[in-house]
Amino acid sequence: MLNKNEKKVMKILLNLCKNNNVCLTNHDDIVKGMNNKEYLTRKEVDDILEKLVLEGYIECTITDNRGKRGYCVTILKKGEGFTREEKDKNKVLWQRIGITVALAVLSFAVTLILKSIF
């Protein structure tokens with residue numbers, strides 16, 4: 001299960017690699033995709049990328065180009081299905097909320113009917 005920052009980084013990587021599922025990026029590109037209020041250090045980005053590799057979403061190779069650290073990211077099949085997975089989770093959540101509301105209304109109606117009978 002990915003946390004909030006990992007989901008955001010995954011969405012950024014999908015956006016950067018949308019043409020051919022491979023991209024060369026760096027820390028600054030990833031941080032630019034985040035909200036202005038949020039900032040990730042290089043260590044946090046490295047940890048998030050490592051977690052995404054372990055989860056099977058991406059393959060990542062860390063490169064060093066003239067003292068600048070870069071990431072060669074390849075989106076795997078599980079990573080390609082990330083947006084669909086997020087939509088499915090939201091769909092299930094809204095279905096559960098709808099069922100809960102419907103059952104609450106039903107129980108309220110049954111309570112009113114039983115009070116009027118007895």
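One is the number of the first residue; the rest follow in order along the sequence.
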Measure the [atom1]-[atom2] distance between [X] and [Y] for me, rounded to the nearest 0.5 Å.
| X | Y | atom1 | atom2 | result |
| --- | --- | --- | --- | --- |
| T61 | E59 | OG1 | CD | 7.5 Å |
| E6 | E50 | CD | CD | 11.0 Å |
| I12 | K7 | CD1 | NZ | 14.5 Å |
| L103 | F108 | CG | CZ | 15.0 Å |
| L52 | C60 | CG | SG | 9.0 Å |
| I58 | C17 | CD1 | SG | 8.5 Å |

Examine [X] and [Y] and state if one hydrophobic cluster contains both, with Ile, Leu, Val, Met, Phe, Trp and Tyr joined whenever side-chain heavy atoms are less than 4.5 Å apart.
| X | Y | result |
| --- | --- | --- |
| I48 | L24 | no |
| L16 | V45 | yes |
| V53 | V73 | yes |
| F118 | L112 | no |

Might you work through the side chain to side chain contact (heavy atoms under 4.5 Å, CB included) test for M10 and Y57, ending with a clear yes or no? CA-CA 8 Å; M10 188 63 200; Y57 288 99; 3.9 Å; yes
List in chain and number order the residues that pass side chain to side chain donor-acceptor pair (under 3.5 Å) with N5, two or more places apart in sequence or in another chain; answer none if no residue qualifies.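 Once residues adjacent in sequence are excluded, N5 has no partner under the side chain to side chain donor-acceptor pair (under 3.5 Å) criterion.
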Residue pair L2, V9: steps toward the side chain to side chain contact (heavy atoms under 4.5 Å, CB included) verdict: CA-CA 10 Å; L2 301 178; V9 169; over 6 Å; no
Residue pairs fulfilling side chain to side chain donor-acceptor pair (under 3.5 Å) with at least one residue in residues 19-32, sequence neighbours excluded: N21-E80, T25-D29
Has the side chain of K78 got a donor or acceptor atom that lies under 3.5 Å from a matching backbone atom of E55?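 Side chain of K78 to backbone of E55, a donor-acceptor pair under 3.5 Å: yes, one is there.
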Is it the case that atom OH in Y39 sees more than 12 heavy atoms from other parts of the structure closer than 6.0 Å?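 Yes - once you tally the heavy atoms of other residues, nucleotides and ligands closer than 6.0 Å, there are more than 12.
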With sequence neighbours left out, write down each residue that passes salt bridge (Lys or Arg N to Asp or Glu O under 4.0 Å) with K91, or none if nothing qualifies.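 Partners of K91 under the salt bridge (Lys or Arg N to Asp or Glu O under 4.0 Å) test: none.
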Working note: I62 + Y71, criterion side chain to side chain contact (heavy atoms under 4.5 Å, CB included); need CA distance, chi angles, decisive distance, verdict. CA-CA 5 Å; I62 298 175; Y71 309 104; 3.9 Å; yes
